[in-house]
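See structure below.
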Amino acid sequence: MAEADLIDVRRRKLEDLESRGVDAYPRRFEVETTVATLRGLYEGWDEERLQEEEPRARLAGRIVAQRGHGKAGFADIEDGGRRLQLYVRKDVLGDDGFALWKQVDVGDFVGLEGAVMKTRSGELSVRVDALTLLSKAIRPLPEKWHGLKDTEIRYRQRYLDLLANPEVRETFKTRAAIIRGLRAHLDAHGFIEVETPMMQPVYGGAVARPFTTHHNTLDLDLYMRIAPELYLKRLLVGGFQRVYELNRNFRNEGISTLHNPEFTMLEFYASYWDYGRMMEFAEELLTTVIETVVGTVDIEFQDQEISFQRPWARLTITKALVAIGGVPEKLLSDTEALRAWLIEREVPVEDMSYGYMLDAALGRLVQPRVTSPVFVTHFPTEASPFSKTVPGEPESVERFELFCGGLEVANGYSEINDSREQRLRMEEMAVNRPPDVPEMDVDEDYIHALEYGMPPAAGIGFGIDRLVMLATDSPSIRDVILFPLLRPKS
RNA sequence: GGGCCGCUAGCUCAAUUGGCAGAGCAACAGACUCUUAAUCUGUAGGUUCAAGGUUCGAUUCCUUGGCGGCUCACCA
């Protein structure tokens, strides 16, 4: 039947009910129990005991299946993700109640009251003696057995995806649990959660194109933040010793299975730590959360066996390129030979400096091959404008990236707190920025803040969406973002 | 943005070489007071993503466009 006809049928039922004085959208229903608690209480009881004691139940849920049976019938309701069978009999429900039962469709919300029982086949059920319509659905739900597979509908109408595919609900519960776990661990270690501007007059803290917007009253162009970094470090200047922010960043770049224009980032900063201490803490934080949420530190992600068992491997970028990326060691001391070797392997490094070449090679040759977590350290200085250099090694910085399951999951470093050095490095970045990167101003206000003195500190940023992908074995970032950005359908 | 693939009933999917567009579920009518992917009988349901082209004839072939997926390049 055409969709319009299916809707018409339900509309007619709705009008028929209303003409008989039924309120199809009542204000409230006093629920006394849930499917989960009911199952917890009575699942273990046998048929005889339920028959003798006849416990009563009053609950509500959405009809997800119906099986008519003449002057009787069965329905399954879903409430909080759990299902329960209803048993309806005309002689128990009465004529009016049974008439309502006949007009109820899959998708409708109902409230009900009755005796808890078990059927002959042992299925815990409620023999309904009072049925109340709580909300009439006028569109048909996706099919019960095959669920909803059309990716476009799944993303555009996520509510249908959640309705039809229970594992999708689990993914987003896991997401919530991860975020809860991260907050709990940080809170327990003296970090305080802060909120810094998402609309910034000067954007910074990362290399990416921003979204722009405008404040009318101030007649001021603003940028949606690409990172909260520079504001969080201002708070270290202000005397907060440990801060974190877990919220959205916005980057006006491509969309892919790993990128959504708005994505969730956890950034935190600890005074008196360096990047080494931060790596230790990151290990502890992630293993704790993964173990709590997934139940084990050995997970499977897209057919890879990943172990978060500590300690995690740590390699300098050059060692990683040799050991994991397969770069011949002798090429590392010969820029042009390395360039030729990389280009042969389709790593586009034509106009790059040595440092940017290493970074590009890392992304192409190392990252995809990493399964269990690996910290890569000693990044080239030119690509890291906020990281302190390694003592005696001005070309490398005290910075690490965390790779896992072929994904970049985190990025952290010892923060520059010398205002003179920070200015130089920002100016260098403004001149030597990689091709295709928009002009970036030196954030004078940030330099000014550093001049008041920032304690030595380390900071880190975690891509939360990717973390959730790992924990839920999701192949695309769109599977872990409830409403990913799609082109509007005209 | 480039390349490849997809779009058929509300949902999940078929359709031979280009030859009457079909099934299951859902819906509707009927039967059925312990079913659970209920069962049985019957009925109805289509702008085959859109526009154009080739053809006697297009879901099928071609062109353009829309939307989506994967992938490559930039970004986490």
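Just so we're on the same page: letters track the sequence lines, and every chain starts at 1.
Distance noted for atom C1' between B:A58 and B:U16: 16 Å (whole Å). Atom P of B:U48 sits at a distance of 44 Å from the matching atom of B:U35, rounded to the whole Å. Rounded to whole Å, the separation between the C1' atoms of B:U12 and B:U33 comes to 33 Å. Between the P atoms of B:G42 and B:G24, the separation comes to 11 Å (whole Å). Separating the C1' atom of B:G57 from that of B:A21 is a span of 15 Å, rounded to the nearest Å. As rounded to the nearest Å, B:A9 and B:U71 have C1' atoms that lie 33 Å from one another.
The A:Thr257 side chain lies nearest to B:U71 when the options are B:U71, B:U35, B:G69. Nearest nucleotide to the side chain of A:Asp91, out of B:G68, B:U33, B:A27: B:U33. Here the side chain of A:Leu6 is nearest to one of B:C67, B:C11, B:G10, namely B:G10. Comparing B:C28, B:C70, B:U12 by their closest approach to the side chain of A:Lys149 singles out B:U12. Listed nucleotides: B:G10, B:C28, B:G45. Nearest to the side chain of A:Asp105: B:C28. Side-chain atoms of A:Pro140 lie closest to B:G10 of the nucleotides B:G10, B:C34, B:A37. Of the candidates B:C34, B:U12, B:A37, the closest approach to any side-chain atom of A:Glu143 belongs to B:U12. Set against B:C34, B:C75, B:C67, the side chain of A:Tyr87 has B:C34 as its closest nucleotide. Side-chain proximity of A:Glu3 to B:G10, B:C11, B:C75: nearest is B:G10. Between B:G69, B:C67, B:U35, one nucleotide has an atom nearer to the side chain of A:Arg156 than all others, and that is B:C67.
Using a 4.0 Å cut-off, no side-chain N or O of A:Arg67 falls inside it from OP1 or OP2 of B:A26.
Remark: A:Arg175 fails to qualify as a cation-pi partner of A:Phe172 under the 6.0 Å distance and 45° angle criteria applied to the six-membered ring.
Put simply, CZ on A:Arg11 is 18 Å from C1' on B:C28, counting in whole angstrom units.
For A:Glu350, the CD atom is densely surrounded, since the number of other residues' heavy atoms within 6.0 Å is greater than 12.
In this pair, A:His146 does not lay its aromatic ring on the base of B:C25; centres under 5.5 Å and planes under 30 degrees do not both hold.
With hydrogens and angles ignored, no donor-acceptor pair closer than 3.5 Å exists between the side chain of A:Glu123 and the base of B:U35.
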